[in-house]
Amino acid sequence: MEAGVVNRRVRVRADLQHRVRAIVDRIPIDFGGGSSAAKALILAELVKRGRGACSVDIGVYRGRSLLPLATAHASLGRGRAIGVDPYSSAAAVERDAPELWEQLQQFASTTDFDAIYVSVVSLLKSEGLTAWSEIKRATSHVGLMEIADEGVEVGLVHVDGNHDTEIVLHDVEWALRHTVPGGFIVIDDISWRSVRPAVERVRQNSSLLFARVDQMNDFAVYRTPGGGRGNDHIRIALSALNEMGDSRVSGKLDT
């Protein structure tokens, strides 16, 4: 490969990494969630190395996953990030985490979901990502059905919606059916008891590439059958964090 081509790819990757980092630094993290810089960079790298035309973000909230995904699609010049989130107090109620019952109920009843939805749409517009993204304001049962009916080729699914066991299982079953061979399934909050059955379901026929549980992260990356082992994209993202001075890059990388 010619040196000029290699240098161009390095520049493009560096530009993407810095833009993703700049975007997530603008979006707050609160009790409702939000991807860390590490996770955002990994999601962007997975899109760039993926095979499907589109990525699906279940549980958009403030957009700390959707915007990095859309940014990666814009960098590629193809595909789009499709977010699925009802932005509804009723849909935000979770019952399968009794240890967090009070906090979850307060979050669902006091959060202004309409305002958050408007802020995400506005941010997508200001970042020039409207053409590379779409938000289906619906529950995952409805939104994922619409995506399937549209025949969209999906290369990555990020599962971070309602954490009740039945709902998470529904979301990962959809991901297993609709993600292209060699595609990626990223599951958030893998340490939650209500999420563990979904993690076990994905582990039955997908390969674990990366798992990370610390103060800022709680997620795992799986690759569906039909693709190579290829962990280079994750190594690149973690290296970028090291270069940017982020010390929170420990994790389990299966090689």
Side-chain angles (χ1 to χ4, degrees), residues 32-36 39-40 42-43 46-47 49-61 64-66 68-69 81-86 91-97 100 104 135-136 138-213 217-227 229 231 233-234 251-252 254:
S35 291
S36 67
K39 186 179 179 184
I42 287 173
L43 289 172
L46 293 176
V47 169
R49 301 300 182 95
R51 299 181 178 187
C54 295
S55 54
V56 175
D57 182 28
I58 305 172
V60 177
Y61 193 48
R64 283 182 66 103
S65 297
L66 183 67
L69 291 170
I82 306 173
V84 179
D85 195 313
V93 173
E94 298 182 12
R95 299 175 174 82
D96 291 351
L100 294 173
L104 289 168
I135 298 179
K136 292 185 179 295
T139 64
S140 61
H141 281 76
V142 174
L144 296 178
M145 186 182 301
E146 290 180 2
I147 295 171
D149 289 344
E150 293 165 4
V152 173
E153 184 185 48
V154 177
L156 179 151
V157 179
H158 175 228
V159 181
D160 190 20
N162 188 295
H163 286 16
D164 282 351
T165 300
E166 181 180 352
I167 297 176
V168 188
L169 280 170
H170 164 271
D171 295 348
V172 300
E173 288 289 355
W174 187 94
L176 289 167
R177 290 195 307 273
H178 295 283
T179 305
V180 299
F184 303 103
I185 299 175
V186 182
I187 307 177
D188 196 60
D189 291 322
I190 56 175
S191 68
W192 286 41
R193 283 181 293 177
S194 61
V195 177
R196 288 175 193 165
V199 174
E200 291 302 316
R201 174 67 185 92
V202 174
R203 288 180 58 184
Q204 291 174 13
N205 69 344
S206 299
S207 302
L208 174 66
L209 295 184
F210 179 80
R212 184 171 177 182
V213 178
N217 302 277
D218 190 0
F219 70 97
V221 179
Y222 292 87
R223 191 164 203 169
T224 61
R229 295 183 65 83
N231 291 324
H233 35 278
I234 296 178
K252 180 180 182 294
D254 283 18

- line: In Val154, Leu43, Thr179, Leu209, the residue satisfying side chain to side chain contact (heavy atoms under 4.5 Å, CB included) with Phe184 is Leu209
field: Pairs where residues 195-204 contributes a residue and the test salt bridge (charged side-chain N to carboxylate O under 4.0 Å, His left out) is met, not counting sequence neighbours
entry: Glu173-Arg201, Glu200-Arg203
query: For the residue pair Leu66 and Gly83, what are the closest heavy atoms and their distance?
result: CD1-N, 3.7 Å
field: By side-chain hydrogen bond (donor to acceptor under 3.5 Å, both in side chains) - contacts of Asp218 (at least two apart)
entry: Ser191
- prompt: Quick one: does Lys39's side chain get under 4.5 Å of Val186's, heavy atoms only?
  reply: yes
Test log, rule side-chain hydrogen bond (donor to acceptor under 3.5 Å, both in side chains), inputs His163 and Asp189: CA-CA 8 Å; His163 286 16; Asp189 291 322; 2.5 Å; yes
- prompt: Considering the options Val168, Ile187, Val159, which one meets the side chain to side chain contact (heavy atoms under 4.5 Å, CB included) requirement together with Val199?
  reply: Ile187
- prompt: Got a donor-acceptor contact below 3.5 angstrom from the Thr224 side chain to the Gly182 backbone?
  reply: yes
- request: State, to 0.1 Å, how close Val180 and Gly155 come at their nearest heavy-atom pair, and which atoms those are.
  value: CG2-CA, 3.9 Å
- request: Identify the two heavy atoms, one from Ala91 and one from Thr139, that lie closest to each other, and give their separation to 0.1 Å.
  value: CB-CG2, 4.4 Å
CZ-OG1 distance between Arg95 and Thr165, expressed to the nearest 0.5 angstrom: 13.0 Å
- prompt: If every non-hydrogen atom of Asp188 is compared with every non-hydrogen atom of His158, which pair is closest and at what distance?
  reply: CB-NE2, 4.2 Å
- prompt: Can you find a heavy atom in the side chain of Ile82 that is under 4.5 Å from one in the side chain of Lys136?
  reply: yes
Distance flag, aromatic centroids of Phe219 and Phe210, threshold under 6.0 Å: yes
